[in-house]
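The next block holds one structure in the form of structure tokens; read it before the comments.
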Amino acid sequence: MTTTHTEDAILEADVLVIGGGTAGPMAAVKAKQANPKLKVVLLEKANVKRSGAISMGMDGLNNAVIPGHATPEQYVKEITIANDGIVNQKTVMAYAKASYDMIKLLDSWGVKFEKDETGDYNVKKVHHLGTYVLPMPEGHHMKKILYRQLKRHRVQVINRYMATRLLTGSNGQVAGAFLLNPRTAETAVIRAKTVILCTGAAGRLGLPSSGYLFGTYENPTNAGDGYAMAYHAGAELSGLECYQINPLIKDYNGPACAYVTGPMGGYTANSKGERFIECDYWSGQMMLEFYRELEGGKGPVFLKMDHLAEETISEIETILHSNERPSRGRFHERRHTNYREKMVEMHISEIGFCSGHSASGVWVDEHARTTVPGLYGAGDMAAVPHNYMLGAFVYGQIAGEDAAAYCGDNELPELDAAQVAKERERVLAPLKRTDGITPYQMEYKIRRMVNDYLQPPKVTRKMEIARERFAEVREDMQYLCASDPHELMRAMETHFILDCAEMAAAASLYRTESRWGLYHYRVDYPETDNDTWFTHVQTIKGEDAMPTCFKRPIDPYIVELDEEEKDSYSKLRINKSAQQ
């Protein structure tokens, strides 16, 4: 693909999938299966063979709805309670009903799930109410398996091109995307009837306590690309005040994995080795109890496994040191942390956007459709609460199949030449500057301000200052410079990060209550106000080109909750007096 900076290469596709991690390959394969005649293009800014949050595999499914262990109705109820009632139950139910079929499909493709002596899936209990966790002892093969399916179905894969903005047609429908090659600075355009965003979480929003820009819990290549592109295309985003915050290993950009150790007898403990929460399922309330323990004189918090039998610890090591983050074993070895002798120190992650672990994402319905015609979302960037990897697969399938049907009813939109020219000028501007601010300096400044002013517990005046500081940074973006194509990619990611920071501040200021435990704990408004705020908070790009928020009513539930269940996630603490 060759081009100049004055005339872009123009490609065409029926279905353009942006993001080659988890949801993207599934969306592409399912679109091709639905209509083999369609031209399906999968775009990945790295290489699809080792890209996305599961680049090194995954150690299990966190939300497997398997007959005999759980029902879709039970799962919908669990997620509704875990997310303080702020859910579109139709989207959760669509996932839950398709969960088991997706597990069987992945099984048939060669993904190895843990099974018992009868051949049944060996599901573990970690969640507060239900039983949904399915281990994957050999999950490191996941990307190879997905790539094999892409080749088998002849999906066209374009590696090493990033999408910088979505293009829209005269009626507001999606019309394609503008692309940048981070190795050559070549630009291109893909016209498309429909686009599926599968770009993952906004992992580089907050700054890790280590200070490393790329030492994040989430895959650091996920800079909020999809959130920003959907925003600029006119889509609604939802729940951006509901941050992702996770329990990490101290000084290591990975989870402590109580999900894996919990069913085997491990648990989260305070500095005295005491268990203080009865459930290690990640929720905002769990993180609030974690924060209180850290700040209440009984910290640090640890993952305790030193009481377990040798064969159990050996099994845990095999799983945790070979899947997802295989550097974990070396980290513990250098820290002289032997699970048999020491507890593993934990800490709280930086904030981010992610529906997979919380609820913040681009608004989609049960068909994976956004509010922009022809634009779909799947995976961590689509607002289906507590979606996880299996949810990314399911919504990838839903999006791929629905997008294929959309193509049959719609023509390829015309390109707006002025829109393309404006984007080309914006993208290439940093490369033309010989002096200015590097993307690394600019990114560090934005993310440090995110930590200083947006990190929970949230304070109104701090968030107001954040908006003032972000406005100043936006003015400084005219000085952003790049010395080579790789830095130009980082410059575009800096734009994404600033967009997400501004949206996070706007949504957090708009919801004047506390909800979701630590995710949206406002010191000025410490109580939950269901009379006023039992609603979705939506964010869109306003007429002044800044984020504006409004309420979207919650649709009537399709699975009703029992009164005694509604506050079950607020009862996680074992020793209530420890809060005092």
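A 6.0 Å sphere centred on CD of Glu527 holds no more than 12 heavy atoms belonging to other residues, nucleotides or ligands. The environment of OH in Tyr212 is sparse: at most 12 heavy-atom neighbours from other residues, nucleotides or ligands sit within 6.0 Å. Atom NZ of Lys104 has more than 12 heavy atoms from other residues, nucleotides or ligands within 6.0 Å. At most 12 heavy atoms of other shown residues, nucleotides or ligands fall within 6.0 angstrom of atom NZ in Lys462.
The two residues Ile446 and Ile497 have their closest heavy-atom pair at CG2-CG2, 3.9 Å. What you find for Val92 and Pro385 is that their closest heavy atoms are CG2-CD, 4.4 Å. What you find for Val450 and Ala501 is that their closest heavy atoms are CG2-CB, 3.9 Å.
A donor-acceptor contact closer than 3.5 angstrom links the side chains of Thr268 and Asp280. Between Ser360 and Tyr227, the side chains place no donor N or O within less than 3.5 Å of an acceptor N or O (distance only, hydrogens not considered). With no hydrogens or angles considered, no side-chain donor-acceptor pair links Asn62 and His386 at under 3.5 Å. Checking Asp107 against Tyr121 by side-chain atom types alone, a donor-acceptor pair falls below 3.5 Å. Side chain to side chain, Trp516 and Ser358 fail the donor-acceptor criterion of an N or O pair below 3.5 Å. Between the side chains of Glu293 and Asn270, at least one donor-acceptor pair of N or O atoms lies under 3.5 Å. Under 3.5 Å, the side chains of Tyr525 and Thr460 contain no donor-acceptor pair of N or O atoms. Using modelled atom types, one finds no donor on one side chain facing an acceptor on the other under 3.5 Å when comparing Lys112 with His141. Between the side chains of Thr118 and Asp120, no donor-acceptor pair of N or O atoms lies under 3.5 Å.
A salt bridge does not link Glu513 to Arg522: none of the charged side-chain nitrogens sits closer than 4.0 Å to a carboxylate oxygen. Under 4.0 Å is where a charged nitrogen must lie from a carboxylate oxygen, and between Arg573 and Glu289 at least one such pair does. A salt bridge is defined here as a Lys NZ or Arg NE, NH1 or NH2 lying under 4.0 Å from an Asp or Glu carboxylate O, and Arg511 with Asp529 fails to meet this definition.
Under the salt bridge (charged side-chain N to carboxylate O under 4.0 Å, His left out) test applied with Arg204, the options Glu493, Glu350, Glu218 reduce to a single match, Glu493. Under the side-chain contact (heavy atoms from CB on, under 4.5 Å) test applied with Val394, the options Lys97, Met102, Met26 reduce to a single match, Met102.
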- Check step by step if side chain to side chain donor-acceptor pair (under 3.5 Å) holds for Ser271 and Lys298. CA-CA 6 Å; Ser271 60; Lys298 292 191 175 182; over 6 Å; no

- Test Glu73 against Lys77 for salt bridge (Lys or Arg N to Asp or Glu O under 4.0 Å), laying out the working first. CA-CA 6 Å; Glu73 290 74 18; Lys77 185 178 289 189; over 6 Å; no

- Task: Give the C-alpha distance, both sets of side-chain angles, the deciding distance and a yes or no for side chain to side chain donor-acceptor pair (under 3.5 Å) between Tyr95 and Asn63.
- Result: CA-CA 10 Å; Tyr95 159 75; Asn63 52 343; 3.3 Å; yes

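Two residues are said to be in side-chain contact when any heavy atoms from C-beta on lie closer than 4.5 Å; Arg469 and Met449 meet this criterion. A 4.5 Å side-chain heavy-atom check between Arg335 and Asp251 finds at least one atom pair inside the cut-off. Residues Glu345 and Thr337 are not in side-chain contact: their nearest non-hydrogen atoms beyond the backbone lie 4.5 Å or more apart.
No cation-pi contact links Lys90 to Tyr557, judged by a cut-off of 6.0 Å to the six-membered ring centre and 45° from its axis. Both the sub-6.0 Å distance and the 45° axial angle are not jointly satisfied by Arg448 relative to the ring of Phe470.
The backbone N or O of Gly85 lies less than 3.5 Å from no partner atom in the side chain of Asn83, so there is not a single donor-acceptor pair. At distances below 3.5 Å, at least one donor-acceptor pair connects side-chain atoms of Lys143 with backbone N or O atoms of Ser51. Between the side chain of Tyr521 and the backbone N or O of Pro526, no donor-acceptor pair lies under 3.5 Å.
In this structure, Phe276 and Phe290 have perpendicular ring planes: the angle between them is above 60°, well past the 30° mark. Taking the six-membered ring where the residue is Trp, His357 and Tyr217 present perpendicular rings, their angle passing 60° and hence far from 30°.
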